[in-house]
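Single-structure report; data block below.
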Amino acid sequence: MSSQKNILQWRFDVNTFKLIGRDLITDRITALFELVKNSYDANAQKVEVQFFDVGQSLTHSKILIKDDGIGMTLDDIQNKWMVVGTASKRKATHSPAPYNRRYVGEKGIGRFAVDKLGGKVIIRTKQKGEKQWLNVVINWEDYEKLASQDVFTLFTEVENSYYFEDAQDEDEHGTELIITRIRENWTSDNLERLSKELTKIVSPFYPVNPPFDIYLYANEYQKIAINGIKLDGKQPLKADTIDFYSHKAEINFQLSTDFDLSNPEKYYPNSYQEVLKFDDRNGRIYTEKATIKEFGAVSMKLYFFNTEAKNKFKKYYKSIDDEDTYIDGIKIYRDGIITTPFAETASHVDNQRDILGIHKRLWRDIFNRISTREVIGILDITAKNNPDIRDATNRQDFVDTAAYRELKEFIVEQLSVFEKIKIFERQLKKIKIETGLDQAQEQFKDFEKQVTNIGKQIDKEFEKLVPELKSTFEPLKNIIEPLKQQTKEIEKAYQKGVEQMREDRKEFLRKENMYLSLMSLQLYAVQVAHAIRTKLGSVKDMADFFKRRYPDTKFEEKFKEYAVRIVDELQQLQHITDFMLSYAKAGVADIKEFNIKNVLTKLLTETYSLPFENTKITAIVEMEDCVMRGHQQFFQDIFQQLIANSIKALENTTDKKIRCSGYVTQDAYIILFSDNGFGIKKGVEERIFEIFYTTTAEQGGAGIGLWIAKSRIEALKGSIEVVENEFKPTGATFKITFPFSKN
Amino acid sequence: MKIPIKIVIIDDKPKDLDVFKIELEEIYGENSVIIFDNSQDGLAYIFDNLTQKQIIVLDYDLSQNYNNEKETGLDVLKKIREKTSLLTVIVCTTKPINEISEKDLKEFINNHVFWLLDKMEKMPQRLEAIEKAVAFLDKQVDTILEQWILRRTEMEREIPYITTKSGKSYSLNDLLVEIRNQTPVGVELEKNMINLTIDLLTRDKEKLND
C-alpha cells in the first residue's frame with residue numbers, strides 16, 4: 001500500500017461574506033461605527049460621513065466615508081485588508097506617532113461591515129508621497145449572484161478589480177469608502193439618530209489629541225440641526241455638554257508603578273479604586289478608597305436626574321424623544337472611544353441601553369430602583385488596565401468573563417447611591433410638604449382675617465361718606481361679602497384636597513404593607529408546602545390503619561401510639577394553617593399590644609415546629625417578658641425573614657441551632673437572633689439589608705428578606721445590625737433594638 | 001424453596017412509613033422490610049446484599065429539607081443502575097406528577113424505574129405496587145439464573161465454567177458480573193440457558209414441575 005500523505009484543506013463558500021458581514025453586524029449604525037473606528041485607528045483627524053439621495057428612491061444613493069488618515073498601499077490591501085481575520089494591528093498596539101492612538105478596531109472583520117450598508121464599495125486610498133490613488137472595487141452583489149447559482153464557488157475565487165488614478169497632490173493621504181447600491185432608506189430620523197450616536201463616539205472626558213472630528217453631511221437634510229450643528233458638513237459634530245442634572249458623582253483611581261493586575265493577592269498600598277458611598281445623615285455622596293477589583297481600575301462619572309431635573313430638561317428641550325437619547329444610561333469608553341452597543345430603533349430604547357442588566361430586577365414600579373432613564377454615566381476603561389473587558393465579535397455586547405460580570409455588579413453598586421438619594425429626598429419632600437401644607441392652612445386663615453378687616457374698615461368709612469358718594473361706592477361695599485365667601489370655599493376645597501392626599505397616602509402604605517406581608521406569607525408557604533403534604537400523608541395512613549384494622553388486638557400498642565401521633569401531627573398542621581390564616585385578617589390598622597416573649601415563643605416552637613423538625617434544627621428561646629404596642633403581623637414578618645435566612649445558612653451544618661434571646665435594658669428591649677450556619681461575609685454586614693442584595697441567589701434568594709425585616713423593624717421604630725456571632729466557629733447574630741417610648 | 005425477599009426503603013422520614021412497614025411485613029414476613037433514612041447507608045446495604053432478592057423503594061423527595069442529604073431519589077437510582085440493571089426499583093413521592101420535571105421523568109423511564117408510587121394513594125394501591133414488583137422479580141430469568149449461580153459455593157464459583165471461541169474463560173463469578181452488566185457475553189449466556197430449557201422440555205427430557 002502507498003504511504004502518500006492524504007491532505008484536505010479548508011475552503012470558504014462564497015456565502016462567507018454574509019456570515020461575517022451583514023449577518024454578524026446586526027445594525028447599520030454599528031456598521032458605520034466600525035468604519036469610523038477604522039479611520040480613528042488610521043490616525044485620521046477628520047472623517048466625513050456623507051449621504052446622498054438616501055431619503056426616497058435608492059437608485060442614485062451613495063454613502064461616502066472619507067478620512068485623512070494614513071491610507072493604504074496595494075500591498076496593504078492585498079495582504080491585510082483582503083485577508084480575513086487579520087488584526088494587522090495586532091502586533092502593534094498603538095497607531096504611529098504623534099497620535100499614539102490605542103487601536104480600537106480589534107477583530108479584523110470591520111471591513112465587512114460595509115456590506116450592511118450597500119451592495120458595492122469602492123475603496124479609494126493613498127498614502128502620503130504616493131503618486132496615484134488606488135481604487136479597489138468590491139461588488140457584493142457579484143458574490144450574491146455566485147452564491148445563488150448552482151455552481152460551487154469559493155469565497156477566495158471571487159475576483160475583485162482594482163485600478164490606479166493619478167493624484168493631483170502627492171502629499172494627500174487618506175481612505176475613502178464609496179458605497180453604492182444602498183440597501184435601505186435613511187430617513188431624517190435615522191440621520192438624527194446617527195448624528196447623536198456619532199457624537200458619543202469619543203469620550204467627553206478622555207483626551208483625544210490630536211483631535212478626531214466627524215463631519216456629517218446629508219444632501220437632502222441639510223437644514224436639520226442637532227445640538228446646533230446642521231447636517232451640512234460644515235462643522236464637526238459636537239457632544240452635548242451634560243447639563244440639568246441634579247446630582248453628580250465621580251470616581252477615579254490610582255495605580256502605583258508596581259501594580260500588577262494578574263497578581264491580586266499582593267497588597268499595593270499606593271493603588272486604590274474609589275467607590276461611592278452615601279451618608280444618610282446629610283444626604284451627601286462621598287468617595288472611599290478600596291482595592292482595585294478583578295476587572296481593573298476604572299474611572300466613572302455619573303449624572304443623576306431627579307424629577308425636578310427632568311422637568312427642567314423637558315422645559316428646555318420641549319421634546320420627549322430628546323430625553324430618551326439624552327439621558328441614555330451608562331456608556332463605556334475604552335481608550336476614549338465608545339464600546340457599548342446601541343441599536344437603531346427607538347422602540348428598543350430600554351433594551352439598547354441595558355446590556356448591563358440594570359432593568360432586570362423585580363417589582364420595578366414599587367421600590368426605589370434607579371432606571372436608566374434617570375442616569376447618564378460615562379465609564380472610562382483602557383485596554384491596558386482592563387484587559388478582560390473585551391468586545392464580543394458582533395459588537396453588541398462584551399464577552400462574558402468573570403471580570404465583566406464583576407464590572408456590571410460594580411456599576412450597579414455605584415448607582416445604588418442614587419437610589420439612596422431618591423429615598424432621602426423623598427423623606428425630605430414628605431416633611432417639606434407636610435410643613436408646607438400646615439403653613440398654607442395658616443395662610444388661608446390669615447387671608448380670611450385680612451378680608452374681614454378690610455370689610456370692617458370699608459363699612460366704617462362708608463358711613464362717613466356723603467349720600468351722593470354712597471351710591472357710587474355701594475358696589476364696592478358689596479364686593480367684600482362674596483370675597484369672604486369665596487375664600488371660605490377655596491379653603492374648604494383645599495382641605496378636601498389635603499384630606500384626599502392623606503387618604504391616598506394611607507391607601508398606598510396599606511397596599512405596600514399588604515404586599516410585603518404577602519411576600520412573607522408566600523415565603524412561609526413555600527417552606528411548609530412539602531412538609532404539609534408529607535405530614536398529611538402520614539396522618540392519613542395512620543387514620544386509615546385504624547379504619548381498616550381496628551379492633552385487631554395484635555396491634556393494640558400501635559393503635560395507642562398512632563392515636564397520640566395523629567393528634568400531635570394534626571396540631572402541628574393546625575399551627576401552620578392558623579399562621580397563614582392570620583394574614584387573611586391583616587390590616588394596617590391592627591395596632592395593638594402584644595407580649596414579645598409569647599409571640600416569639602409561639603413562632604419558634606409551634607408555628608415553625610414542623611419545618612424545624614424536617615430540617616433538624618433545634619430552636620432555643622430565652623426571652624424576658626415585654627409588652628410592645630404595634631403591628632403584630634409586622635413583628636412576625638421580621639422573624640419569619642430571619643428564620644428563612646437561617647434555614648438557608650444552616651443547610652450544610654450538622655448540629656443546627658437557632659437561638660432567640662431577649663432582654664430588657666434601661667432604654668430598650670434587645671433581641672439577639674443567632675444561628676450556627678455559614679455566617680455573614682466580612683465587609684457586607686450593612687449591604688445585606690439592601691434590597692435585591694443577595695449572596696444566596698443559588699438557593700433562590702432574591703435579596704428581599706432582610707430588607708423586609710429591616711423595613712418592618714424601622715416601621716416599629718427599632719433598628720437592626722449584625723454583631724459578633726454567638727455561635728463559634730461560624731454563625732451569625734442579629735441584634736434588634738426596640739427603644740422604649742418616652743411615656 | 002421460596003427465597004426471602006428484602007424490601008429496602010430509603011426515605012428520610014422513617015416515622016411516616018410506620019404503617020406501610022407493618023402492612024408489608026404482614027405479607028412478606030417479619031424483617032422483610034428495612035428502612036434507611038439516608039442514601040449512603042441505604043446504598044451500602046443494597047450493594048452488600050446483591051445476592052438477595054431486593055425490591056428498592058426510593059423517596060424522590062430525599063433532599064428537600066436542607067438536611068445534609070444531597071442526593072435525590074433519582075440520584076440514588078442512577079447510582080444503583082451504574083452497578084446493576086437488575087434490581088427492581090420503585091420511586092415514591094408526595095408530589096403530584098405534574099410537579100416532577102420533564103427531565104426527571106425521562107430519567108426515570110430511561111433508568112428503568114419499575115413503578116412511580118404516589119405516597120398519597122390509599123394503602124391497598126401501594127401494596128399492590130409492591131406485589132407487582134415482587135411478581136415481576138420472581139419471573140425474571142436473569143434473577144433466577146443469578147440466584148442459581150449464587151447457590152454454588154464460593155470455590156465452585158471461581159473455577160472456569162465456560163470458555164469462549166476467542167479463548168477467554170469465565171468462572172461463575174465472572175458470569176455473574178457479565179449478567180448483571182448485561183454485556184454481550186452475559187446476554188448470550190442467558191439466551192443459551194433459555195434455549196436449552198426449551199429444548200429439553202420439547203424433547204420431553206424434562207417435564208415442567210407442577
Side-chain angles (χ1 to χ4, degrees), chain A residues 526-550 552 554-559 561-562 564-566 568-569 572 610-617 643-656 658 675 677-678 696 698-700, chain B residues 9-27 29-30 33 35 37-38 40 57-73 91-101 104 116-130:
Chain A
V526 161
Q527 289 171 319
V528 297
H530 175 70
I532 289 177
R533 268 206 210 107
T534 324
K535 229 6 128 172
L536 275 177
S538 154
V539 169
K540 237 175 64 171
D541 274 356
M542 290 188 285
D544 191 53
F545 186 76
F546 261 105
K547 181 173 149 196
R548 284 179 294 113
R549 303 308 203 97
Y550 190 78
D552 190 338
K554 191 169 50 164
F555 295 116
E556 186 163 333
E557 286 308 308
K558 276 295 168 189
F559 290 140
E561 186 195 319
Y562 288 171
V564 172
R565 274 182 64 192
I566 287 174
D568 282 346
E569 293 184 9
Q572 275 185 328
L610 187 50
F612 284 172
E613 192 186 296
N614 286 340
T615 49
K616 300 195 178 59
I617 292 177
I643 291 172
N645 220 53
S646 292
I647 292 179
K648 277 191 246 157
L650 287 166
E651 191 173 328
N652 293 317
T653 310
T654 30
D655 184 20
K656 304 184 201 205
I658 289 180
D675 64 61
F678 55 64
T696 57
E698 273 169 31
Q699 292 155 295
Chain B
I9 306 181
I10 302 182
D11 189 311
D12 62 338
K13 305 248 206 35
K15 247 176 57 174
D16 293 346
L17 294 169
D18 211 37
V19 176
F20 195 42
K21 182 165 190 252
I22 291 177
E23 303 271 2
L24 283 173
E25 286 186 331
E26 265 201 329
I27 302 173
E30 232 177 276
V33 179
I35 305 181
D37 68 359
N38 68 83
Q40 232 175 330
V57 180
L58 300 176
D59 180 17
Y60 175 59
D61 314 308
L62 260 185
S63 63
Q64 279 291 306
N65 299 309
Y66 298 106
N67 56 0
N68 296 341
E69 177 61 75
K70 282 298 165 201
E71 321 259 291
T72 62
V91 168
C92 59
T93 178
T94 54
K95 282 200 170 90
I97 202 165
N98 58 10
E99 278 181 34
I100 301 178
S101 72
D104 282 358
L116 198 56
L117 190 55
D118 183 352
K119 273 192 194 168
M120 306 298 275
E121 260 186 334
K122 295 212 167 105
M123 189 57 70
Q125 269 92 310
R126 283 186 265 163
L127 294 174
E128 199 186 313
I130 304 289

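Letters A, B, ... mirror the listed sequences (proteins, then strands); counts begin at 1.
Within the 4.5 angstrom heavy-atom criterion, only side-chain atoms of B:Ile22, from C-beta onward, approach chain A. For A:Lys554, the part lying near chain B is the side chain, with the backbone staying farther off; criterion is any non-hydrogen pair under 4.5 Å. Within the 4.5 angstrom heavy-atom criterion, no atom of B:Lys122 approaches chain A. Only the side chain of A:Asp544 comes within contact range of chain B, judged by heavy atoms closer than 4.5 Å.
In this structure the side chain of B:Ile130 reaches within 4.5 angstrom of the side chain of B:Phe20, judged on heavy atoms.
For A:Phe545 and A:Tyr562, the distance between ring centers is under 6.0 angstrom. Between A:Phe555 and A:Tyr550, the distance separating the two ring centers is not shorter than 6.0 angstrom.
At distances below 3.5 Å, not a single donor-acceptor pair connects side-chain atoms of A:Arg533 with backbone N or O atoms of B:Lys95.
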